[in-house]
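Single-structure report; data block below.
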Amino acid sequence: MHRYNAFDKAFVRVRNQQFRDQVRRRLSGGLTEDEFKPLRLMNGVYLQLHAYMLRVAIPYGTLSSRQLLKLADIADRFDKGYGHFTTRQNIQFNWPRLVDIPDMLDALSEVNMHAIQTSGNTIRNVTADHLAGAAEDEIEDPRPYAELIRQWSTDHPEFQFLPRKFKIAVTGSPVDRAVIRAHDIGLELLRIDERLHAKVWVGGGLGRTPILGEILHHGLPIAELLPYLEAILTVYNLRGRRDNKYKARIKILVRAVGIDTFREEVDAAFDQLKPTFLGADQTLLETLRQDFALTIDPNADESAYHQRLLNDSLFRHWVEQNVAPHQRTELAIVTVSLKKPGTTPGDATSEQMRGLAELAEQYCFDELRVSHEQNVILPHVPLGDLPAIFDGLQRIDLHTANVGLISDLIACPGMDYCTLATARSIPIAQQIAQRFEALGLESTIGAIKLNISGCINACGHHHVGHIGILGLNKGGVESYQITLGGDASEQAQIGEKIGPGFGADEIVPAVERIVHQYMAIRHDPSEPFIETVRRVGTAIFQTAAYACTGVEASDA
Amino acid sequence: MARLNPPVVVTANALAGGEVIYLTEQQAWSIWIDEGFVFDDLNAAEAAMIANASEHDVVAPYLMSVRVNNGQISGQDYREHVRSLGPTNYWHGKQAENDDAPV
């Protein structure tokens with residue numbers, strides 16, 4: 001893993017001192033809220049529905065045990081004993097007091113973490129494939145490149161006041177687990193003539209105007225990555241709209257000028273910028289590659305694993321559902337579900353965080369990941385240690401075997417916490433998970449992605465859920481709109497709205513009818529939900545969803 | 001934001017702690033919505049908000065429409081109902097102290 005050097009430590013320390021002074025001046029009346037708000041946002045501090053909220057970056061989703069232990073301590077000392085993992089590989093604390101936040105930031109800095117640029121119109125936390133460095137299908141570990149981008153973009157003087165927020169995601173695999181086409185810039189590392197390149201996608205984003213990114217460059221030599229990114233940001237910074245925040249994202253600019261014109265402008269900027277990059281980025285990149293190299297010597301004794309597989313059906317089921325093959329055959333990737341039916345998707349208590357940290361330290365070479373799907377990953381577990389991991393997860397109630405199933409759903413905080421939300425997400429997520437658990441159908445249904453957002457800002461990525469649910473406020477009443485056919489993978493697709501919204505008490509039965517329809521018409525159990533939707537279209541599901549509601553499908 | 005219809009109360013967040021607060025009849029701030037002063041006149045409510053929402057103590061003040069039933073005040077909008085009590089997924093907002101859950 002990458003570790004802060006003296007420069008990084010000094011930078012974060014000074015930034016925390018600045019923010020401590022800004023908070024002091026705000027509390028003493030030296031700063032008005034209008035003056036203070038942009039300063040707190042640049043340090044990840046929001047004012048939410050019930051309280052302040054601190055959003056902490058987990059760069060490219062990678063955490064050490066020590067970092068997770070610190071997050072647990074912060075949850076206990078300054079919050080209500082839990083944290084919420086988000087769809088952007090951040091963790092949010094929902095209840096901090098403003099007066100405590102400088103101390104929270106100092107505590108984070110002890111483990112090389114911070115909240116800088118987790119808000120505001122800047123380049124946000126750089127996200128990556130949560131299976132980076134472990135996935136069987138990986139071409140290149142994306143984390144050194146994500147870290148390079150993080151260092152370049154953090155406090156970059158030209159990009160602190162962009163027209164709007166800016167999100168970059170990186171994958172090193174042809175299988176997209178980082179939703180790269182829903183980002184302002186998506187990078188896919190690939191090899192052309194055995195040399196590393198990046199396919200560059202631009203102008204993706206969800207929110208009120210969902211657009212999938214377009215290809216800006218089919219194969220950028222990796223040595224040109226930073227000057228090319230700087231060229232994109234430079235064009236956006238100059239040309240992006242600042243008169244209307246709803247039209248300020250780069251996706252609107254790309255759509256307005258067209259991808260070809262945008263490319264020409266980026267190329268012109270690139271020609272000017274490239275000579276200013278004198279090689280320091282490449283030197284750093286070489287160091288980063290070494291930082292992230294997997295140099296471990298795992299326990300080779302796999303007998304405990306094979307024996308447990310034979311004797312314990314619960315363990316076997318958990319392995320089938322939550323464990324994936326690793327690029328090294330003696331290791332496995334464990335996805336720890338934070339989606340036990342009835343719980344809040346993405347939440348972990350401080351006790352669970354400590355338990356996970358101990359398991360990672362003991363059995364996973366001190367490393368964890370958080371995924372945009374709001375789960376925790378143990379990326380490098382020796383096969384022989386899987387029984388110990390399973391037992392440890394049982395002790396902290398994190399052994400739910402539902403990864404990739406319908407109860408492994410994504411949900412934003414919604415109106416229970418978020419001041420922007422127009423409806424609640426969490427209770428709907430809980431009800432759906434509990435309903436399908438009660439039906440005992442999850443394994444029969446098979447792979448399906450269900451995403452819920454509590455407003456059109458789409459933090460729950462509902463547009464790219466196979467089933468998407470958008471919570472709205474209709475005349476003071478919560479209403480839930482369904483989209484079908486969305487896809488977050490390399491076959492990315494924006495879902496199709498099927499009709500008028502359902503009430504809070506109607507949405508779960510509607511989802512159930514859609515799923516039953518799928519099971520009735522799929523070719524066979526090996527045809528996943530999304531394939532059936534692609535094959536037959538959405539109309540048949542629309543009819544099923546509105547059956548018994550009095551709404552005709554033709555009204556939808 | 002829902003349309004503003006009287007009666008209303010003045011609400012904000014405490015600056016230092018962030019807690020949701022309501023302006024009382026004594027022109028102090030309370031964390032309990034039932035202690036909020038109910039204004040039938042929007043102009044009077046606006047004036048009270050301006051007079052009492054000191055930049056030193058509170059942040060993000062605004063008026064919210066309420067219903068009053070048997071002396072109990074609740075937000076007309078469901079959002080305000082949740083905001084006054086706490087989240088619906090955990091029993092650890094104000095409802096934990098008030099023994100009242102948003103439903």
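Naming convention: chains lettered A, B, ... in sequence-line order (proteins, then strands); numbering from 1 in each chain.
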Checking A:Leu47 against chain B: side chain, backbone, both or neither under 4.5 Å from a heavy atom?
side chain
A side-chain contact here means heavy atoms from C-beta on lying under 4.5 Å apart; do B:Asn13 and A:Tyr52 qualify?
no
Where on A:Glu33 is there a heavy atom nearer than 4.5 Å to chain B: the side chain, the backbone, both, or neither?
both
Under the side-chain hydrogen bond (donor to acceptor under 3.5 Å, both in side chains) rule, what do A:Asn473 and B:Tyr78 come out as? Steps first, then yes or no, please.
CA-CA 9 Å; A:Asn473 178 339; B:Tyr78 192 75; over 6 Å; no
Contacts of residues 15-22 of chain B with chain A (heavy atom under 4.5 Å):
B:Leu15, B:Ala16, B:Gly17, B:Gly18, B:Glu19, B:Val20
With only heavy atoms counted, which part of A:Thr343 is less than 4.5 Å from chain B, the side chain, the backbone, both or neither?
neither
Among A:Ile101, A:Asp347, A:Thr422, A:Leu31, which has the most heavy-atom pairs under 4.5 Å with chain B?
A:Asp347
Rounded to the nearest 0.5 Å, the CD atom of B:Glu55 sits from the CG atom of A:Asp34 at a distance of 7.0 Å
Flag side-chain contact, heavy atom, 4.5 Å: B:Arg79 against A:Leu49:
yes
Please examine the side chains of A:His50 and B:Val82, heavy atoms only from C-beta on, and report whether any two atoms are closer than 4.5 Å.
yes
Give, as side chain, backbone, both or neither, the part of A:Tyr82 having an atom under 4.5 angstrom from any heavy atom of chain B.
side chain
Atom pair NE2 (B:His56) and CZ (A:Arg26), whose distance is rounded to the nearest 0.5 Å
8.5 Å
Whether over 12 other heavy atoms sit under 6.0 Å from A:Lys80 NZ
yes
Proximity breakdown for A:Pro413 and chain B, heavy-atom pairs closer than 4.5 Å
neither
Can a donor-acceptor pair be found, under 3.5 Å and without considering hydrogens, that links the side chain of B:Asp77 to the backbone of A:Gly476?
no
Taking atom types as modelled, is there a side-chain donor on B:Asn89 or A:Tyr417 under 3.5 Å from an acceptor on the other?
yes
Taking C-beta and beyond as the side chain, do A:Asp416 and B:Tyr90 meet within less than 4.5 Å on heavy atoms?
no
What class does the angle between the rings of A:Trp95 and B:His92 fall in, given that below 30° is parallel, 30 to 60° is tilted and above 60° is perpendicular?
perpendicular
More than 12 heavy atoms from other groups under 6.0 Å of CD on A:Glu351
no
